[in-house]
Amino acid sequence: MADLALKQTPTEAMIGSLTLPVGGWSDTARKDALARLQGMGLPQRRDEYWKYTRPDTLIQPEPVSAALRGSDDVALFDQIDRIKIVFVDGVYDADASDDLAQEGITIDRLADMPTDLHWARDLYGTLEKNGQTPVARPLAVMNTAFAPDGMLIRVTGKPSKPVNFIYRRRTEIADAMLHHCIKLDAGAEMTLLENGPVAARFNGVLEVEVGDQAAFHHVRAQGRDHEQRAATHIFTRLGTESAFKSFTLTANGMMTRNECVIELTGDDAAAHVAGACVGDGADFHHDDTVFVTHDAVNCESRQVFKKVLRNGATGVFQGKILVKEGAQKTDGYQISQSLLLDGDSQFLAKPELEIYADDVACSHGSTSGAIDEDALFYLQSRGVPAAKATDLLTLAFLAEAVAEVEDETLRDEMTGRLTSWLERHAG
Amino acid sequence: MLSIKGLKVKLEDEDKQILKGVDLEVEAGKVHAIMGPNGSGKSTLSYVLSGKDGYEVTGGSASLEGIDLLDMEPEERAAAGLFLAFQYPVEIPGVGNMTFLRTAVNAQRKARGEEEMSAAEFLKVVRARAKELKIDAAMLKRPVNVGFSGGEKKRNEILQMAMLEPKMCILDETDSGLDVDAMKLVADGVNALRSEGRGFLVITHYQRLLDHIQPDVVHIMADGRIIKTGGPELAIEVENNGYAGILAEVA
C-alpha cells in the first residue's frame with residue numbers, strides 16, 4: 001500500500017484530501033464531476049491554458065497559510081441597502097446574515113440540500129460542465145464535486161435590494177470551496193455584490209442562468225490579504241435580449257485566477273465583463289481568463305481589463321471570442337491593458353478571435369505601457385507632487401474599466417477602494 | 001522676480017546646445033515678451049525653467065525671488081510661485097478637470113504650509129473664475145483637456161493660472177491655434193491677473209498677441225541668446241520687417 005501511495009498523482013492526492021458531500025439531489029452531479037476530474041486531471045504546468053500561471057499552489061493537497069490582517073473590518077458597500085449573506089471561512093453564517101426570505105427572490109443554502117429545488121438540480125454543475133469544451137477547467141470540476149457550501153438563488157422578479165455575499169476569514173490556514181447557482185427567470189433582474197478575502201485558498205464557482213429579457217449585474221471586490229490564493233470561475237448562459245454585466249476589482253493576492261465563461265445562446269443578448277487590478281510586489285500574480293461564445297444572432301460582448309503592476313508584479317490576460325457559424329451580426333470587443341510602473345513588472349496577454357460567421361464586427365487590443373511622462377510633468381508643473389500625480393494617472397488608467405460598472409454608487413465604491421489602496425501602497 | 005543669468009542648456013540625449021547664455025530679468029508687476037524665429041530656444045527656456053526632463057543645464061543660473069529654481073522638482077517650482085501656460089496643454093483622460101484643479105491648488109497650499117481650500121470654497125471660487133473666462137460647467141466636469149478645442153485648452157490654462165495665483169507666469173505661445181475672439185478672451189484673462197506683485201513672460205512668434213497683452217519690455221531671441229531688448233515698438237518692428245532685419249543688424 002505504501003508503494004501505491006507514493007505513486008499517487010497530484011489529482012489523486014488532492015481528491016484523497018477532500019470529502020465528497022453525499023445525500024441529496026446534487027449526488028449525481030457530484031459523482032459525474034468526480035469522474036470527469038479523474039479523467040482530465042488537475043491543471044499542470046505544461047498545460048497550454050496554464051502557460052502563464054503556475055497552478056502548483058492551487059492544486060497542492062496541503063493547505064496554504066495566509067496571515068489575517070483584519071481586512072474583514074474594512075467596510076464596502078455599506079452605503080447600499082442590501083441583503084447580506086455572510087460566510088466565515090467558507091461556511092454560511094446565518095446569525096451574521098440577513099433574513100433570506102425576500103420578495104421576488106428565493107435564497108437557499110446548498111449545504112441544506114433542499115429537496116424541492118428542481119431548478120437547482122438542473123443547473124448545478126450544468127453550465128460548468130458545458131464550459132469544459134473546448135478547454136478543460138479542472139478546478140471548476142473539482143468544485144462541482146466537492147463544494148460543501150454556497151447559495152442557490154432563484155430570481156422571479158426584480159428584488160429591490162442587491163444580494164451581498166460577504167466572505168470573512170477567521171482562520172489563517174483554511175481552504176474554502178463555494179458553489180453558487182443563480183437562475184433568473186424571464187424578465188427578472190438582480191445585482192450580486194461579493195467582497196471579502198474568503199480564505200487562505202479559495203476555489204469558487206458561480207453558475208448564472210440568465211433568462212430571456214433578464215438582467216444580471218455583478219460587482220466583486222477580491223483580494224486584500226496578501227498571501228491569499230484564489231481560483232474562481234463564472235459560468236453564464238444568456239437568453240434572448242438578456243444582459244450579463246460583471247466587474248471585478250482585485251487588489252493584492254499572491255495568486256488569483258479568475259475565469260469567466262460566457263455563452264450567448266439567445267438573440268440580441270449582451271455580456272460585459274470587466275476587471276481592474278492593482279498589484280504590488282514580485283509575488284503578486286493575477287490572471288484573467290475569459291472565454292466568450294457567440295451562438296446567436298445580433299449579440300454583443302465586451303471585455304475590458306486593466307491592470308496596474310509594480311515592483312515586479314505579474315498580470316496575465318487570456319481572452320477569447322468564439323463566434324459560431326450562424327452567429328451573424330455579432331459585435332465583439334476586447335481590450336486588455338496594463339500600466340507597468342517599473343521595468344520589473346510584466347504583463348502577459350493572449351487575445352484570441354475565432355470566427356465562423358461572415359457578418360460580424362470583432363475587435364481586440366492589448367497594450368502595455370508606462371506612465372505618460374507628459375501628463376506627469378503637466379501635473380507636477382501645477383504643483384502636484386510626483387507620487388500623487390502618479391496615483392491620479394493610475395486611477396485615470398483604471399477608470400475605463402471601472403466605468404463598466406453602471407451604478408454610480410457602486411462605481412464610486414470601487415474608485416474609493418482603489419484610491420485607498422494607492423494611498424496605503426504609497427511609493 | 002525672475003532672474004536668469006548666463007543660462008546654458010543642452011539636450012540630455014544629444015550633443016546639441018539649445019540655450020547659449022540667456023540673461024533676463026523680469027521685475028514684479030512687469031510684462032516681458034520674448035519673440036524670435038522658430039528654433040531660437042524660446043520654448044526650451046520655458047521648459048527648463050519649469051523643470052521638464054530631457055534638458056541639461058551646462059551653465060548659468062535661474063532664480064525666482066532669489067530662490068534657485070534649477071535644483072527644484074517641477075512641483076516645488078510651482079509651489080514657489082512659477083507657472084507655465086503650455087503651448088500644447090496635455091490631455092489627461094480619466095482625470096476630471098475639477099479634481100485636477102483642486103488637487104493642484106491644495107497641493108501647492110500644503111507645500112507652502114497653508115490651509116487647504118474646502119470643497120465648498122473651492123467650488124465658489126472656481127465657478128466665478130470660470131465664468132470670467134466663459135468656461136462652462138460641462139468643461140469643468142470633463143477630463144482635463146480631453147476633447148477641448150484649441151481655444152478651450154488655452155482658456156483652461158488661464159483658469160489654472162487664475163486659481164493657482166502664481167507670482168511668475170510664463171506663457172508659451174499662448175496665441176498659437178487661437179482665432180481672434182479666442183485670443184481676446186485669453187488676453188483679457190491674463191490682463192485681469194496683471195498686478196504689482198506678479199511678473200509675466202510672454203513667449204510668442206507674432207506681435208498680434210502683444211496688441212492684447214501690452215508688454216513693458218520686448219526681447220528678441222535667436223540661436224539660444226537674447227540678441228536685442230527694447231520697448232513695445234520692437235514688436236512692431238518685427239511685425240513690419242520680420243526677424244531678418246534685426247538678425248542682420250546684430251550679426
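The sequence lines fix the lettering, A, B, ..., with proteins before strands; numbering per chain opens at 1.
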Could you pull out the closest heavy-atom pair between [X] and [Y], with the gap in Å?
X	Y	result
Pro385(A)	Ala107(B)	CD-CB, 3.8 Å
Lys52(B)	Asp374(A)	NZ-OD1, 3.3 Å
Pro93(B)	Ala396(A)	O-CB, 3.1 Å

Problem - Side chain to side chain, Tyr88(B) and Tyr378(A), heavy atoms closer than 4.5 Å - result: no
Practice task
Kindly indicate whether the side chain of Glu373(A), heavy atoms from C-beta on, has any atom under 4.5 Å from the side chain of Val90(B).
Solution key: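 No; the side chains remain at least 4.5 Å from each other.
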Practice task
Against chain A, label Pro89(B) side chain, backbone, both or neither, depending on which of its atoms sit under 4.5 Å from a heavy atom there.
Solution key: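 Both backbone and side chain.
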Exercise for the section: Could you look at Ala386(A) and say if it's the side chain, the backbone, both or neither that has a heavy atom under 4.5 Å from chain B? Expected result: both
Problem - Any residue of residues 137-148 of chain B which, by heavy atoms, sits under 4.5 Å from chain A - result: Val144(B), Asn145(B)
Practice task
Output the residues of residues 42-50 of chain B for which the shortest heavy-atom distance to chain A is under 4.5 Å, in residue-number order; output 'none' if no such residue exists.
Solution key: Tyr47(B), Ser50(B)
Answer yes or no: does atom [atom1] of [X] have more than 12 heavy-atom neighbours from other residues, nucleotides or ligands under 6.0 Å?
X	atom1	result
Lys320(A)	NZ	yes
Phe122(B)	CZ	yes
Gln79(A)	CD	no
Glu196(B)	CD	no

Fill in the blank from the handout: Counting heavy-atom pairs under 4.5 angstrom with chain B, the leader among Ser381(A), Ala389(A), Ala403(A), Gly383(A) is Gly383(A)
Problem - Winner by heavy-atom pair count (cut-off under 4.5 Å) against chain B, out of Leu398(A), Asp372(A), Leu379(A) - result: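 Maximum pair count with chain B is reached by Leu379(A).
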Handout entry: Flag, side chain of Arg382(A) to backbone of Leu84(B), donor-acceptor distance under 3.5 Å
Key = yes
Practice task
Please confirm whether Phe377(A) and Phe86(B) have ring centers closer than 6.0 angstrom.
Solution key: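 Ring centres of Phe86(B) and Phe377(A) closer than 6.0 Å.
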Handout entry: Straight-line distance of Leu393(A) CG to Ile92(B) CD1, nearest 0.5 Å
Key =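 Result: 6.0 Å between the selected atoms.
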